[in-house]
Peer 1: 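Have a look at this one before I ask anything.
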Amino acid sequence: QLQFVESGGGLVQPGGSLRLSCAASGFTLDIADVGWFRQAPGKEREGVSCISSGDERIHYADSVKGRFTISRDNAKNTVYLQMHNLSPEDTAVYYCATSLFVPDSMQAMCAPPYHDMAYWGKGTLVTVSS
């Protein structure tokens, strides 16, 4: 089965850090553009960060720029999202997915709608609360 498996979520206090992992199952990540997305309760899904297959293009949502870092380890077939200085507004289920087509840009890939995105995992819950 082709999908991502997200992990690393949990409860963290404001100002804290977490590192999320996104492991690919059934396919290799080294030729894939991959994005992290999140959906908070009652809100639409939004793109957090997207990285191209060669890591040369990276996009961050304005709300996370300077606090989150996306990276990949092709040997482990995994993409990571390092999150620092977390706030309650970051509380959401975090998902990763890949694009079935070459996006115009990583910003475009991170923007809705996500019709071209595939292999969504079940997500990992991040809760930022004191």
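What you see is a predicted model; the values in this text were computed from it and never measured.
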Peer 1: Are Pro14 and Ser130 side-chain neighbours, meaning at least one heavy-atom pair lies under 4.5 Å?
Peer 2: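 A side-chain contact exists here, since the closest heavy-atom pair is under 4.5 Å.
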Peer 1: Does the side chain of Asp33 reach to within under 4.5 Å of the side chain of Met106, using non-hydrogen atoms?
Peer 2: yes
Peer 1: Under the 4.5 Å side-chain heavy-atom rule for ILVMFWY, direct or indirect, which residues accompany Leu11?
Peer 2: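 Cluster partners of Leu11: none, it stands alone.
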Peer 1: To the nearest 0.5 Å, what is the distance between CD on Gln82 and OG on Ser71?
Peer 2: 8.0 Å
Peer 1: Taking side chain as C-beta onward, heavy atoms only, is Val126 less than 4.5 Å from Met83?
Peer 2: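 Val126 reaches Met83 side chain to side chain.
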Peer 1: How close do Ala108 and Ser105 get, counting heavy atoms only, and between which atoms?
Peer 2: N-OG, 2.9 Å
Peer 1: For atom CD of Glu44, is the number of surrounding heavy atoms from other residues, nucleotides or ligands below 6.0 Å larger than 12?
Peer 2: no
Peer 1: As a quick check of understanding, evaluate side chain to side chain contact (heavy atoms under 4.5 Å, CB included) for Tyr94 and Leu125, giving each step before the final call.
Peer 2: CA-CA 6 Å; Tyr94 285 71; Leu125 176 62; over 6 Å; no
Peer 1: Sort and list the pairs that fulfil salt bridge (Lys or Arg N to Asp or Glu O under 4.0 Å) and have at least one residue in residues 77-91, not counting sequence neighbours.
Peer 2: Arg38-Asp90, Arg67-Asp90
Peer 1: With a 4.5 Å limit on heavy-atom distance, are the side chains of Thr69 and Leu81 in contact?
Peer 2: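 No, side chains not in contact.
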Peer 1: Do Val34 and Leu2 share a hydrophobic cluster (ILVMFWY, side-chain heavy atoms under 4.5 Å, transitive)?
Peer 2: yes
Peer 1: Show me the pairs that pass ring pair (Phe, Tyr, Trp, His ring centres under 6.0 Å) and involve residues 95-130, at least two apart or across chains.
Peer 2: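 For residues 95-130: Phe27-Tyr119, Phe37-Tyr114, Phe37-Trp120.
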Peer 1: Taking atom CD as the centre, does Gln107 end up with more than 12 heavy-atom neighbours from other residues, nucleotides or ligands that are less than 6.0 angstrom away?
Peer 2: no
Peer 1: Going hydrophobic residue to hydrophobic residue with side-chain gaps under 4.5 angstrom, can you get from Ile51 over to Val64?
Peer 2: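 Same hydrophobic cluster.
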Peer 1: Per the disulfide (SG to SG under 2.5 Å) rule, what does the pair list look like for residues 10-63, sequence neighbours excluded?
Peer 2: Cys22-Cys96, Cys50-Cys110
Peer 1: Mind running side chain to side chain contact (heavy atoms under 4.5 Å, CB included) on Leu18 and Leu86 for me, showing each step along the way?
Peer 2: CA-CA 8 Å; Leu18 280 176; Leu86 286 161; 4.2 Å; yes
Peer 1: What's the spacing between Ser7 OG and Lys122 NZ if we round to 0.5 Å?
Peer 2: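 Going from OG on Ser7 over to NZ on Lys122, the span is 13.5 Å.
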Peer 1: In this structure, would Trp36 and Val12 fall into the same cluster of hydrophobic residues linked by side-chain contacts under 4.5 Å?
Peer 2: yes
Peer 1: Quick check: closest heavy atoms across Thr78 and Ser21, and the distance to 0.1 Å?
Peer 2: CG2-CB, 4.1 Å
Peer 1: Could you state whether Met109 and Leu29 fall into the same hydrophobic cluster, counting links through intermediate Ile, Leu, Val, Met, Phe, Trp or Tyr residues with side-chain heavy atoms under 4.5 angstrom apart?
Peer 2: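 No; tracing contacts between hydrophobic side chains, which count when under 4.5 Å, never links both residues.
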Peer 1: Would you mind reporting whether Val79 and Phe4 have side-chain heavy atoms less than 4.5 Å apart?
Peer 2: no
Peer 1: According to ring pair (Phe, Tyr, Trp, His ring centres under 6.0 Å), does anything in residues 47-88 pair up with another residue at least two apart or in another chain? List the pairs.
Peer 2: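 Passing the test, one end in residues 47-88: no pairs.
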Peer 1: Donor-acceptor pair, distance only, cut-off 3.5 Å: does the side chain of Arg72 make one with the backbone of Ser52?
Peer 2: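 Side chain of Arg72 to backbone of Ser52: a pair is present.
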Peer 1: Do the side chain of Thr124 and the main chain of Glu6 share a donor and acceptor less than 3.5 angstrom apart?
Peer 2: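 Checked: no pair found.
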Peer 1: Using salt bridge (Lys or Arg N to Asp or Glu O under 4.0 Å) as the criterion, list what pairs up with Asp73, not counting sequence neighbours.
Peer 2: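 Salt bridge (Lys or Arg N to Asp or Glu O under 4.0 Å) check on Asp73 returns nothing, list empty.
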Peer 1: Can you name the closest pair of heavy atoms from Ile70 and Ser49 and give their distance?
Peer 2: CG2-OG, 3.2 Å
